[in-house]
Each structure stands twice: as C-alpha cells, then as structure tokens.
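Have a look at the structure below, then the notes.
Since this is a predicted model, take the numbers as computed values, not measurements.
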Amino acid sequence: MGKGIATAVATAALFGGAVVTAPTASAVTHPKCNLDEPDANYYKIRGSGVNFRTGPSTKSKSLGQLSKGTKFTYYCTKTYPEVWWYGKVTSGSHKGQKGWVRSDYVTY
C-alpha cells in the first residue's frame, strides 16, 4: 500500500470515516473505449447480417454476422469517428463472445 493510501486509511479509521478511491486504469472495459458505461440491460441487433467485429472499425476482422433480434450486452463505447459499442453477445450462434458492433445496428 502506498504511503498516501496508508495515511488516508489511518486518518479515516481515526475519525470513523470511509476511504473512497478512484478506479484504476484496468477498470476500463476495453482499452479502445472512451466511454466506459457498463449496462446490465441487454439490447437487440436490429438488422440482419450485422458484422460483429474484433475492433471498432469496418477495417477490423469480422467475427461473423449477427441476426436480427440477437441479444447484446453493452459494456462501453468508442465515439470517434463513428460510434461503436463493445459488449458480449448473449443469444444466438455467437453467444458468449465479446466484440464490437456499430451503434446504429443496436436497439432496445
């Protein structure tokens, strides 16, 4: 434990308070994300033949195609130059795989 953290813990214990620390960089869901907003709700793919990719770009390798209605759990977003969502497929033939989908192909 670093000296600063140890001092904060000791001070909090002395005065009966709590210590709150910021999450570490490793708490980010994916290093290519610039918005890390995990969402427990699932979304659905709204088109047929939607590419599920290894990265947030049409240049990234396709892991396969997702069918309309495939459930997708959203973890984080890459917003520039296009909006891509990183998450996990929770139904269908790619169930359990993590990857990227353009946000305009995802709906509630």
> How far does OH of Tyr74 sit from OG of Ser103, to the nearest 0.5 angstrom?
Replying inline: 9.0 Å
> What orientation do Tyr86 and Trp100 show, parallel under 30°, tilted 30 to 60°, or perpendicular over 60°?
Replying inline: tilted
>> Same cluster or not: Tyr75 versus Trp84, using hydrophobic residues (I, L, V, M, F, W, Y) connected whenever any side-chain heavy atoms lie under 4.5 Å apart?
In response: yes
> In terms of hydrophobic clusters joined by side-chain contacts under 4.5 Å, are Val101 and Tyr108 together?
Replying inline: yes
> Is it true that a side-chain atom of Ser57 and a backbone atom of Lys59 form a donor plus acceptor pair closer than 3.5 Å?
Replying inline: yes
>> Can you give me the closest heavy-atom contact between Ser48 and Lys68, atom names plus distance?
In response: OG-CB, 3.7 Å
>> If I compare all heavy atoms of Ser62 with all of Asn51, which pair ends up nearest, and what's the gap?
In response: OG-OD1, 2.9 Å
>> Nearest 0.5 angstrom please: Thr73 OG1 to Tyr42 OH, how far?
In response: 9.5 Å
> Hey, what do you get for NZ (Lys98) to CZ (Phe72), rounding to the nearest 0.5 Å?
Replying inline: 11.0 Å
> Taking all atoms of both residues into account, what is the closest heavy-atom pair of His94 and Val89, and its distance?
Replying inline: O-CB, 3.4 Å
> Step by step, would you call Arg102 with Glu82 a side-chain contact (heavy atoms from CB on, under 4.5 Å)?
Replying inline: CA-CA 8 Å; Arg102 274 203 38 178; Glu82 303 158 335; 3.6 Å; yes
>> Looking at Ser91 and Lys71, would you say the former's side chain and the latter's main chain have a donor-acceptor pair under 3.5 Å?
In response: yes
> Would you say Lys78's side chain and Tyr80's backbone share a donor-acceptor pair under 3.5 angstrom?
Replying inline: yes
>> Would you compute the distance between atom CZ of Arg46 and atom OG1 of Thr70 and round it to the nearest 0.5 angstrom?
In response: 14.5 Å
> Honestly curious: do Val83 and Ile45 fall in one hydrophobic cluster under the side-chain, below-4.5 Å linking rule?
Replying inline: yes
>> What verdict does the side-chain contact (heavy atoms from CB on, under 4.5 Å) test give for Tyr105 and Trp85, after you've listed the backbone C-alpha separation in whole Å, the side-chain angles of each residue and the deciding distance to 0.1 Å?
In response: CA-CA 10 Å; Tyr105 294 114; Trp85 284 12; over 6 Å; no
> Applying the 4.5 Å side-chain criterion to the ILVMFWY set and letting contacts propagate, would Val106 and Leu63 be lumped into a single cluster?
Replying inline: yes
> Considering all heavy atoms of both residues, which atom of Pro56 and which atom of Lys32 are nearest to each other, and what is their separation?
Replying inline: CD-CD, 3.6 Å
